[in-house]
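One structure is given here, and the rest of the page talks about it.
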Amino acid sequence: MRLSRYFMPILRDTPKEAEIVSHRLMLRAGMIRQQSAGIYSWLPLGLRVLNKISAVVREEQNRSGAIEILMPTIQSADLWRESGRYDAYGKEMLRIKDRHDREMLYGPTNEEMVTEIFRSYVKSYKDLPLNLYHIQWKFRDEVRPRFGVMRGREFLMKDAYSFDLDQAGARHAYNRMFTAYLRTFARLGLKAIPMRADTGPIGGDLSHEFIVLASTGESEVFCHKDYLDFATPAADTDFDSIEGLQGVVDKWTSLYAATEEMHEKAAFEAIPAESQVSARGIEVGHIFYFGTKYSEPMGATVAGPDGQLVPVHMGSYGIGPSRLVAALIEAGHDEGGIVWPDEIAPFDIAVLNLKIGDAATDGACEQLYRGLAAKGYDMAYDDRDERPGGKFATADLIGIPWQIIVGPKGLAEGKVELKRRAGGERELVSLEAALARFPGKGAETNA
RNA sequence: CGGAGUGUGGCUCAGCCUGGUAGAGCACCUCGUUCGGGACGAGGGGGUCGCAGGUUCAAAUCCUGCCACUCCGACCA
């Protein structure tokens, strides 16, 4: 992408309404535009990041055996009356009427709808286990939206729903998601700790929140320090191995970790003082097992081996990609701006042309831009007619992991400058060496 | 939903108390000088001062109502 032709409305001043760093930087980098309280447009840079996060979430969901579908944002009130939640959900649910005066709602979650789909087609235990997920916009009419996309009213959520014959099967389904979540957050460069959580209005009796520690987190959390060094389950984890996954979950639940609502002071204080972590955290994922809470009232039953109909055991599993954008910035920024993890950055490499119109500089930049794009990298070529200082500031602000700085001074010695955003390290290399440094997107991902 | 605030050009804000017909910096356009960590000069465009009433010869400014947004708290992916 040539930045001279791109739409990236960078702000030099910080809009006053933004309190936390992620919100400030998202506005300054031109990632989002607020349209109403808790409702945002996603501008090109923000959308790229959101899509990259969704891609990681999707890959790990698929790896664990979940199957992607897409359900609508607008749902019928009748469906929610079946589960009894139409009246129970309260004012957080945005209720609307269509032209025929039919009662509709903008979905805050999809248990009812996915259960309706399931019961329409699945009749036998032989078709289980099943886990269906989608990545779709949700609306919850929060009393007080805040912190930008961290707590918006409209937000993007990946929600998965598992169906099993019995509780043991559902337990394994839960463990699959638990493991997939550990992998997902680790790939995003986040230290997310599973904590025993309250089940809230979704209901059920087994639930974990995945919490990223951050000073701007909304909730108070308590855990054992050793969680921060636990190893992530490997990419080749066998998701069909019941014992294997139970081992993963047992390990990741072996030490104390709880949110404020579930906090047990005595148990926490039993931890050696130097290992006690009391901090604030951002909830980036939440998983529930709720048994037959929806399958029973909605008649989602399958025939078991003995031919008898039984309601299926279900669980639901949520990750908010739009909230993750903010969480990633909270976890990765410095004075200069955002520091994205490599896999999530809106662009992989930025080429900074310090002197537009200088034949040698333009030529070298084109060679780098085209050469690296051909290798599969998402390239940002800063060919705007700006002064060098502005280009450095922009590249740092939007957090591109690698910058290749090209100007007449360096080229006179046959060199370009390679800069790493995260640590700020820079080195002078030849143009050929710069090209060779990046072997190709596929090759690098496997490393 | 309780409490506290704020609405003036794209952004940050001044002007309001003490009414007199709208300003600064940044951004934008033109020209020139510049050009390796957010340059400088000259010129220029852009605002029915959140909306609706009211008071007044005159309202961004005073009064009333409404709307929107932000922050603190209670509540939540």
Side-chain angles (χ1 to χ4, degrees), chain A residues 9-20 23-24 27-28 30 33-39 57 89-93 107-111 135-160 181 197-202 207-212 218-219 259-261 282-288 316-324 326-327 335-337 352-358 361 382 384-397 403 405-413 415-417 419 424 426 428:
Chain A
I10 302 271
L11 301 179
R12 217 161 148 170
D13 296 307
T14 302
K16 64 178 172 186
E17 74 269 16
E19 282 298 307
I20 64 171
H23 192 193
R24 285 202 295 267
L27 291 170
R28 283 200 55 216
R33 165 83 185 166
Q34 181 170 341
Q35 303 293 169
S36 191
I39 299 177
V57 170
Y89 214 93
K91 288 188 146 182
E92 292 218 333
M93 186 151 76
T109 177
N110 287 65
E111 280 82 5
I135 300 176
Q136 176 64 290
W137 293 92
K138 304 292 188 292
F139 194 93
R140 294 185 189 174
D141 200 357
E142 297 280 344
V143 224
R144 191 181 159 210
R146 62 183 121 177
F147 303 143
V149 297
M150 188 79 84
R151 174 157 301 286
R153 291 194 292 171
E154 188 182 51
F155 58 97
L156 189 61
M157 183 160 89
K158 184 288 300 179
D159 39 326
Y181 276 33
D198 192 17
T199 53
I202 305 229
S207 175
H208 285 90
E209 286 181 15
F210 287 74
I211 304 280
V212 172
E218 287 194 272
S219 43
T259 58
E260 201 171 10
E261 309 85 63
I282 302 169
E283 181 186 347
V284 290
H286 201 161
I287 61 178
F288 302 86
S316 74
Y317 316 89
I319 291 181
S322 51
R323 171 179 285 185
L324 274 171
E335 322 74 57
L352 275 54
N353 183 329
L354 298 192
K355 197 169 176 70
I356 296 291
D358 176 77
T361 308
D382 196 343
R384 297 172 304 162
D385 188 12
E386 293 282 332
R387 296 163 56 81
K391 298 194 177 189
F392 294 133
T394 297
D396 285 349
L397 174 64
Q403 297 168 19
I405 299 161
V406 185
K409 288 184 185 173
L411 287 178
E413 296 166 26
K415 305 281 190 188
V416 298
E417 186 178 323
K419 182 187 162 187
R426 30 181 100 202
L428 290 171

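Letters A, B, ... are given to chains in the order of the sequence lines, protein chains preceding strands, and every chain is numbered from 1.
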It should be established whether [X] places a side-chain nitrogen or oxygen under 4.0 Å from OP1 or OP2 of nucleotide [N].
| X | N | result |
| --- | --- | --- |
| Arg140(A) | C75(B) | no |
| Gln35(A) | C69(B) | no |
| Lys91(A) | C1(B) | yes |

Spacing of [X] atom [atom1] relative to [N] atom [atom2], expressed in whole Å:
| X | N | atom1 | atom2 | result |
| --- | --- | --- | --- | --- |
| Leu411(A) | G36(B) | CG | C1' | 12 Å |
| Gln34(A) | U70(B) | CD | P | 5 Å |
| Phe147(A) | U70(B) | CZ | P | 12 Å |
| Arg24(A) | C71(B) | CZ | P | 12 Å |
| Met93(A) | C75(B) | CE | P | 22 Å |
| Lys391(A) | G37(B) | NZ | P | 14 Å |
| Arg28(A) | A27(B) | CZ | P | 13 Å |

Expressed in whole Å, how much space separates the [atom1] atoms belonging to [N] and [M]?
| N | M | atom1 | result |
| --- | --- | --- | --- |
| A68(B) | U30(B) | P | 40 Å |
| G7(B) | U61(B) | P | 12 Å |
| C16(B) | G50(B) | P | 15 Å |
| G5(B) | G19(B) | P | 24 Å |

Pairing partner of [N] (Watson-Crick or G-U wobble, both distances under 3.5 Å):
| N | answer |
| --- | --- |
| A4(B) | U70(B) |
| C75(B) | none |
| U18(B) | none |
| A42(B) | U30(B) |

Atom CG of Leu352(A) and atom CZ of Arg384(A): how far apart are they, to the nearest 0.5 Å? 8.5 Å
Do the side-chain N and O atoms of Thr259(A) and Glu209(A) include a donor-acceptor pair separated by under 3.5 angstrom? no
Between the side chains of Gln403(A) and Asp396(A), is a donor N or O closer than 3.5 angstrom to an acceptor N or O? yes
Remember a base hit wins even if backbone is also touched, and classify [X] as base, sugar-phosphate or nothing at under 4.0 Å, heavy atoms.
| X | answer |
| --- | --- |
| Ile405(A) | base |
| Gly337(A) | nothing |
| Glu386(A) | nothing |

Can you check whether Gly318(A)'s main-chain N or O pairs, donor with acceptor, with Tyr181(A)'s side chain at less than 3.5 Å? yes
hbond_proxy Arg146(A) side chain to U70(B) base (donor-acceptor, 3.5 Å cutoff): no
Can you tell whether the side chains of Arg426(A) and Glu417(A) come within less than 4.0 Å, N to carboxylate O? yes
